Structures are given as structure tokens and as C-alpha cells.
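Written out below as C-alpha cells is the structure these notes cover.
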Amino acid sequence: MADTVTIPIDQVQIGLYVYLDLKWFQHPFAFSHFKVKTEDQLRILRGLGLATVRVDPALSDGPMPTAAPAAAQPVPAAPVSPEARAESPVMAAKREMMERIREQRENAARIEQAFVNTARAIRDIDRNLFSQPAETVRVAGKLIGQITESILSAPELAINLMGDKLGGEEIYVHSLNVTMLSMMIARDIKLPHEVASLLGMGALFHDVGTKNIPDKVLNKLDAYNHAEQALVETHCEGGYEIGRKLGLAAPALAIIRDHHEMFDGSGYPHHLQGEAISILARIVAIANHYDELCNPRNPADSLTPHEALSLMFAKMRSRFDPKLLQVFIRCLGVYPPGTIVQLANGVVGMCVNVNTAKPTRPQVMIYEASVPREEAIVVNLETQPDLNIVKSIRPSQVPKDIYNYLSPRKRVSYYFDAGDPARRSQP
């Protein structure tokens with residue numbers, strides 16, 4: 001807790017950083033501590049019935065008022081009835097905000113269930129690929145068709161961070177992540193529906209060739225030796241042959257074969273360069289590399305989403321189609337879902353959703369000790385124009401109580417919400 005001093009409520013002025021010792025639902029503000037910026041905020045503060053309030057001098061602007069006596073505590077100056085509070089217009093706005101947070105929580109549960117169901121469908125596709133090839137490819141095509149229709153036809157697309165509730169489907173999440181992220185790019189560059197469907201099939205099956213690689217190699221946590229790396233690299237051509245036998249279309253086959261080709265020619269298996277690589281394979285190469293940085297074989301090597309995007313842009317830019325990389329970064333935002341951030345008011349939170357139309361204004365789950373984690377506040381920065389993200393924070397640098405509250409995901413997994421934007425509106 002910051003070092004604070006207690007002052008009489010009538011000495012609060014614009015520029016002071018105040019702490020409210022009330023439960024979050026007992027006051028109308030989005031946060032329980034903030035810098036006072038307007039006369040309206042002053043008027044509301046003085047109407048809360050508090051005799052004193054705590055102030056943080058280090059975060060305040062201007063001279064500090066006289067502190068209240070040391071024994072004084074922030075207690076109500078006069079009883080304020082629940083009915084009076086309930087009738088307040090500002091509290092009515094707070095209740096509306098709380099209702100939207102409740103709706104957001106319900107939407108998150110709905111999206112997470114859809115994510116789990118899709119991961120299980122991919123598990124079944126993977127398990128039945130060789131025993132029932134024709135039927136499995138038909139099922140995969142239907143799944144991709146549904147995803148394509150939902151993503152391309154939605155007025156807005158929200159990319160959501162998923163929880164850790166898969167229950168054994170984790171190994172199928174890479175294919176799902178790559179498919180989701182690839183389709184996000186497809187939507188932004190307005191790929192035709194039929195082309196996007198081919199992209200989805202190629203992304204879903206991009207690693208099918210790893211079925212030829214022993215698990216003890218694939219799951220090795222240490223760096224591959226030369227022989228192991230050469231073996232792993234065969235999954236591109238091997239996957240192409242599997243896909244050809246399954247009857248996949250030529251554009252999907254090209255994705256399977258070329259998703260490790262790099263724009264500068266440094267990739268494999270054929271060291272293709274630039275537009276010699278199909279645009280669909282160039283899309284999947286970006287999505288695949290990003291997910292491998294966030295979710296590597298060895299979890300100790302994982303980067304945060306923000307770090308992964310920064311690395312791809314700052315040090316790996318030549319490896320990817322520059323225009324498509326810009327699209328990818330614009331869609332996920334500078335602070336992608338899963339990034340722990342500090343806001344301009346000092347509050348710490350985790351980005352849980354990005355609207356691809358407004359990627360610089362994500363939704364952030366806020367750490368607020370007075371609010372139970374299962375009822376965590378989610379603030380939509382689009383509706384808070386004066387509140388910005390000032391920096392990202394590595395999970396290891398976050399205090400333990402905040403870390404446990406925000407619960408950064410062991411795996412960074414994404415799914416989409418292509419529902420009615422009005423239903424998704426957030427505080």
C-alpha cells in the first residue's frame with residue numbers, strides 16, 4: 001500500500017490522488033483510488049458522507065492540505081441511507097456499470113465454452129484422421145466453414161483471452177490459435193469467403209506432418225540437436241504428402257508445406273523468398289511464429305504476448321511479409337490479450353479482450369483488492385478516454401497478491417466473439 005495521509009473531506013481538491021475506504025459498489029467511480037480531475041468528481045466525493053479521505057502525496061499534484069489528526073479515521077460524517085445512495089444519479093450509473101460487467105462475465109463464459117468445444121472438435125479430428133479420413137476432412141471443413149462465416153460476417157470482431165479450463169485439450173490449442181489468428185488477418189485484409197475457408201483448412205492442418213515425428217523429439221524441452229532439427233523440419237513435406245492423400249485443396253497443401261518459409265529466405269524446407277511463398281502461407285507463418293513464442297515447448301522460454309509482438313516487429317521483421325505483419329500487430333493491438341499492464345492512474349490489470357476495430361483501447365481486468373476475484377472489474381478503455389496504458393509488466397515482476405488475482409494464463413489461448421456488438425458493450 002502506498003504511504004498515504006488522511007485529510008478532511010472538505011480539503012480535497014483537484015490534483016490530489018485519493019483512496020476511498022468504501023467497498024467498490026458503495027461509490028460511483030470506476031476505481032477506488034484515482035486522481036481528482038474535475039469539479040464534478042469533487043462534488044460527488046463530498047456527497048459520499050465521508051468525514052476524511054486518504055491521499056497519496058507522491059501521486060498528487062500541487063501542495064498538500066493539512067492532514068487530519070492521527071487518530072482520525074475515514075468514517076461517515078453523517079449516516080447516508082442506502083435508499084438515498086440508491087437514488088443518486090451517479091450511483092445509478094455505477095449500478096448500470098456493474099450490470100454490464102455481469103453481462104460481460106456471462107459473455108466470457110459463453111465464449112470460453114465455445115472455445116473448449118472447438119478444441120475438443122479438433123481433438124476428434126486429429127484422432128480420427130487416419131481411421132476415418134474422408135469423414136474427418138468433411139467434419140473439419142464444416143467446422144472451418146462455421147468459423148469463417150462467423151468471423152467474416154460479424155460487424156465487429158473481439159479476440160478474447162481464454163482461461164485454463166481445457167481439461168486435456170491443450171495439445172490441440174496450437175492449431176486452434178493459429179487458425180483463429182490467421183482468420184483474424186483474413187478478415188482485416190478482406191479475403192473472399194472461399195479463400196478464407198482454404199486458409200482455415202491449411203491453418204488447422206498446418207502441423208499434420210508432426211504425426212511422423214516421435215513424441216520424445218517433439219516434446220523435448222531442450223534445444224534440438226542438428227539431427228533432431230533436421231527430423232523436425234521434415235514435417236512440412238511429410239504433412240504435404242498426408243494432406244495430398246486426404247484430398248486437401250492445393251492452397252491448403254501449400255500452407256502445410258510452406259508455413260515455415262520466411263519472407264527473407266531464411267525458412268525451410270525450400271528457402272523460398274517473398275511472393276514465391278503464397279499469401280496464405282505467409283499469413284500462417286506469422287500466426288504460427290507468434291504462438292510458438294508465447295507457447296514454446298519449454299514454458300520457461302515463453303514470452304508475454306506484448307514481448308512476442310515486440311520481438312517480431314523489432315528484430316524479426318525481415319522474416320515476415322511486412323504488410324501482413326503490420327495487419328497482425330494492428331489487429332492484436334500493442335498490448336494483446338494476456339498482457340499485464342499498468343494504467344496511467346497506477347492501477348494494474350490484464351488485457352482480456354481486444355476489439356480488432358479499436359485495438360489500442362482493449363478491455364482490462366483490474367486488480368482491486370476490495371473486489372472478489374470472481375467479480376473482478378473489467379474496464380473498457382474505449383469508454384475511458386483519459387485513461388491510457390503506460391507500460392506492460394512481466395508476470396514475474398508483479399507482486400504475488402496481484403499475480404494470484406489476475407492469474408496470468410499458463411498458455412496464451414485466443415478465441416473470437418462475433419456476436420452482436422450491442423450485447424458486448426462494456427463499461
Side-chain angles (χ1 to χ4, degrees), residues 144 147-148 151-152 157 159 161 173-191 195-209 233 235-236 239 251-296 301-339 354 356 359 411-416:
I144 292 299
I147 291 172
T148 303
I151 289 179
L152 296 191
L157 183 68
I159 302 297
L161 176 69
V173 170
H174 175 65
S175 293
L176 180 51
N177 271 351
V178 172
T179 301
M180 290 297 103
L181 297 170
S182 297
M183 298 299 279
M184 176 189 73
I185 297 174
R187 173 191 168 88
D188 191 273
I189 65 175
K190 297 178 171 58
L191 279 186
V195 178
S197 293
L198 292 167
L199 170 66
M201 285 294 280
L204 183 62
F205 287 112
H206 76 281
D207 268 346
V208 68
E233 291 185 8
H235 82 276
C236 297
L253 292 175
I255 292 171
I256 295 170
R257 183 190 60 212
D258 298 338
H259 67 277
H260 280 287
E261 298 287 3
M262 297 286 103
F263 204 71
D264 60 2
S266 64
Y268 63 85
H270 299 300
H271 305 291
L272 300 179
Q273 283 184 274
E275 295 186 3
I277 311 165
S278 73
I279 186 172
L280 302 187
R282 300 199 304 267
I283 290 172
V284 173
I286 291 172
N288 179 62
H289 199 82
Y290 170 79
D291 194 57
E292 288 181 341
L293 290 174
C294 293
N295 302 308
D301 297 330
S302 63
L303 301 182
T304 67
H306 176 71
E307 288 172 331
L309 274 190
S310 298
L311 179 64
M312 290 174 69
F313 182 76
K315 297 185 178 180
M316 300 179 174
R317 203 180 322 178
S318 64
R319 301 187 193 181
F320 307 105
D321 183 312
K323 293 180 180 178
L324 292 176
L325 183 60
Q326 286 182 348
V327 168
F328 186 67
I329 292 172
R330 183 174 70 243
C331 286
L332 276 184
V334 179
Y335 302 99
T339 305
V354 59
T356 59
R411 289 190 58 90
V412 179
S413 306
Y414 300 129
Y415 205 63
F416 67 95

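The shown structure was predicted, so the numbers you read here are calculated from the model rather than taken from an experiment. Counting begins at 1 with the first residue of the sequence.
Side-chain contact between Ile255 and Leu198 is absent, with no heavy atoms from C-beta onward closer than 4.5 Å. Pro336 has its side chain out of reach of Ile329: every pair of non-hydrogen atoms, C-beta onward, lies at least 4.5 Å apart. In this structure the side chain of Leu332 never reaches within 4.5 angstrom of the side chain of Pro359, judged on heavy atoms. Using a 4.5 Å cut-off on side-chain heavy atoms (C-beta onward), Phe320 and His289 make contact. Between Val354 and Tyr335 there is no side-chain heavy-atom pair separated by less than 4.5 Å.
For the atom pair CG of Leu157 and OG1 of Thr356, the computed distance is 4.5 Å after rounding to the nearest 0.5 Å. One finds the CD1 atom of Ile286 at 7.5 Å from the CZ atom of Phe328 (value rounded to the nearest 0.5 Å). Leu325 CG to Arg282 CZ: the interatomic distance, rounded to the nearest 0.5 Å, is 12.5 Å. The NE2 atom of His235 sits 10.0 Å away from the CD1 atom of Ile256 when rounded to the nearest 0.5 Å. If you take CD1 on Ile185 and CD1 on Ile283, they are separated by 6.0 Å, rounding to the nearest 0.5 Å. With rounding to the nearest 0.5 Å, the separation of CD1 in Ile147 from CG in Leu176 is 6.5 Å.
Remark: Thr148 pairs with Ile144, Leu152, Met183, His193, Ala196, Ser197 by the side chain to side chain contact (heavy atoms under 4.5 Å, CB included) rule, at least two apart or across chains. Ser266 pairs by the side chain to side chain contact (heavy atoms under 4.5 Å, CB included) definition with Met262, Asp264, Arg319, not counting sequence neighbours.
A donor-acceptor pair is defined here as one N or O able to donate and one able to accept, closer than 3.5 Å; no such pair exists between the side chain of Tyr290 and the backbone of Met312. The main-chain N or O of Leu272 is found under 3.5 Å from a side-chain atom of Glu261 such that the two form a donor-acceptor pair. At least one donor-acceptor pair closer than 3.5 Å links the side chain of Asn295 to the backbone N or O of Val412.
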Cut-off 3.5 Å, no hydrogens considered: what does the side-chain donor-acceptor table look like for residues 302-311, sequence neighbours left out?
from, atom 1, to, atom 2, distance (Å)
Ser302, OG, Pro299, O, 2.9
Thr304, OG1, Glu307, N, 3.1
Thr304, OG1, Glu307, OE1, 3.3
His306, ND1, Val334, O, 2.9
His306, NE2, Ser392, OG, 3.4
Glu307, OE1, Thr304, N, 2.9
Glu307, OE1, Arg394, NH1, 2.5
Glu307, OE2, Arg394, NH1, 2.5
Ser310, OG, His306, O, 2.8

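A parallel orientation is assigned to the rings of Tyr268 and His260, their planes being inclined by less than 30° (bins at 30° and 60°).
Pro269 approaches Arg257 most closely through the heavy-atom pair CD-O, 3.3 Å.
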